[in-house]
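Notes to accompany the following structure.
Since we're looking at a predicted model, the values are computed, not measured. We name chains A, B, ... by the order of the sequence lines, and we start the count at 1 in each one.
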Amino acid sequence: MTKLSRDTIRRLRRELLDWYDRSGRRLPWRIRPEDRTAGRVADPYAVWLSEIMLQQTTVPHATPYWHRFLRRWPSVEALAAAPDDDVLTEWAGLGYYARARNLIACARQVAEQGGAFPASIEGLKALPGIGDYTANAILAAAFDKPASVVDGNVERVMTRVFRIETPLPKAKPEITEIAAEIADPDRPGDYAQAIMDLGATICMPRSPACGLCPWRPDCAAQSAGVQTDYPKKIAKTAKPARRGIVWRIERDGRVWIRKRPESGLLGGMMEVPGSDWTAETPEADPPVPAIWETLPEVRHVFTHFALTLEVRRAVAPEGWEPAEGIWADLDRLDSYPLPSVFRKVLVL
DNA sequence: TAGTCGTGGTA
DNA sequence: TTACCAAGACT
């Protein structure tokens with residue numbers, strides 16, 4: 001790896017931070033330079049919450065969840081004391097539900113240790129749900145300590161500026177090395193958030209706004225007109241299709257739902273009972289003899305397969321009670337930990 | 001290490 | 001409609 005000259009590094013830092021001071025995003029969990037002037041300081045709990053929610057999730061999708069969580073549980077102690085199902089219900093619709101389970105475990109661990117988040121990479125990475133990226137992001141944004149954040153934004157910016165040909169994720173160590181070199185030791189928090197803002201608002205995947213980019217003069221891919229060829233990626237395999245049947249059993253405006261296993265897909269969340277999800281429509285008997293009506297199919301795309309559900313509906317026979325689960329009020333679906341796929345089934 | 005794990009927006 | 005994508009972690 002060719003070392004960057006001191007002058008280049010100094011110029012990149014200054015151009016990026018000047019741009020951030022002018023044009024960086026105002027985000028509710030973020031402390032900007034003018035906020036510090038006004039005496040505001042970052043809340044590590046609020047920063048941690050934002051970082052977990054933003055993993056593989058867009059800012060517009062995560063923001064309302066962040067507000068609701070912070071209003072309902074203003075401190076890590078409050079979150080630690082919350083029942084699991086309350087947290088899962090509030091998380092419903094945000095996806096990647098292992099994050100919610102880890103969120104609860106992490107809050108309880110921090111609360112038990114006195115309520116303060118660790119201000120070190122090792123301490124943060126020892127907590128559930130905090131990996132390499134998130135530890136660095138919290139260290140920078142919450143504690144303004146030197147850190148090197150490498151997320152999808154940084155990967156995209158760096159592979160373009162330096163025309164890194166190695167495909168992701170193999171290029172990660174190379175990118176981390178360069179990113180750490182450029183990171184500003186004097187304003188680590190602002191720097192980390194600036195480089196991610198650059199990726200999110202200027203150096204975008206499809207149509208980068210190179211005309212507005214502070215790093216344009218230094219960008220190798222832009223000079224050659226090949227910005228969108230980077231980052232190089234390993235080709236993905238096609239998503240398989242799976243099918244299943246769900247049984248919507250209703251009684252007096254309520255529907256039978258039950259809890260899924262704690263781990264695995266949609267772990268710990270509730271479900272509308274049904275068959276396995278397999279390549280061909282599975283053979284499956286209804287859980288109870290009844291007159292079954294066929295509703296429109298529900299389609300839903302997960303990370304690694306596309307699902308089509310055949311929906312059958314019946315009124316529960318008089319006197320019949322399921323061996324497990326609950327009768328959920330169809331008018332109050334928000335009060336159950338229901339993932340989006342089952343919400344779709346219940347709003348047909 | 002490569003597979004698992006959601007959702008909604010956009011071109 | 002299809003494909004891609006977004007502040008990744010965990011096993």
Stem list for DNA chain B, please, built from Watson-Crick and G-U wobble pairs under 3.5 Å and keeping only runs of at least 3. B:2-5 with C:8-11, B:7-11 with C:2-6

[atom1] gap between [N] and [M], integer Å:
N: C:dA9; M: B:dG8; atom1: P; result: 22 Å
N: C:dA6; M: B:dC5; atom1: C1'; result: 15 Å
N: B:dT1; M: C:dG8; atom1: C1'; result: 16 Å

Would you please name every residue forming a salt bridge (charged side-chain N to carboxylate O under 4.0 Å, His left out) with A:Arg254, sequence neighbours left out? none

Taking salt bridge (charged side-chain N to carboxylate O under 4.0 Å, His left out) as the test, write out the residues that go with A:Arg313, two or more places apart. A:Glu250, A:Glu293

In B/S/- notation (B base, S sugar-phosphate only, - none; protein heavy atoms under 4.0 Å), nucleotides 3-11 of chain C written 5' to 3' is -BSBBBSS-

Dump the intermediate steps for side chain to side chain donor-acceptor pair (under 3.5 Å) on A:Gln193 and A:Arg30, then the final yes or no. CA-CA 9 Å; A:Gln193 299 180 85; A:Arg30 173 178 290 179; 3.0 Å; yes

Close residues, [range], relative to DNA chain B [heavy-atom separation under 4.0 Å]:
range: residues 257-267 of chain A; answer: A:Gly264, A:Leu265, A:Leu266
range: residues 63-74 of chain A; answer: none
range: residues 330-344 of chain A; answer: A:Pro339, A:Ser340, A:Val341

State which residues pass ring pair (Phe, Tyr, Trp, His ring centres under 6.0 Å) with A:Trp277; sequence neighbours excluded, sorted by chain then number. A:Phe302

Report the residues that fulfil ring pair (Phe, Tyr, Trp, His ring centres under 6.0 Å) with A:Tyr65, sequence neighbours left out, ordered by chain and then residue number. A:His61

Going by the rule side-chain contact (heavy atoms from CB on, under 4.5 Å), which residues pair with A:Ala119 if we only count those two or more places apart in sequence or in a different chain? A:Phe143, A:Lys145

Please enumerate all residues that pass side-chain contact (heavy atoms from CB on, under 4.5 Å) together with A:Ala316, with sequence neighbours excluded. A:Ile249, A:Arg251, A:Trp320, A:Trp327

With sequence neighbours excluded, give me every side-chain hydrogen bond (donor to acceptor under 3.5 Å, both in side chains) pair touching residues 201-214 of chain A. none

When you measure from the side-chain N and O atoms of A:His304 to the phosphate of B:dG3, is any distance below 4.0 Å, counting only OP1 and OP2? no

For A:Val246 against A:Phe342, the heavy-atom pair lying closest together: CG1-CE2, 4.4 Å

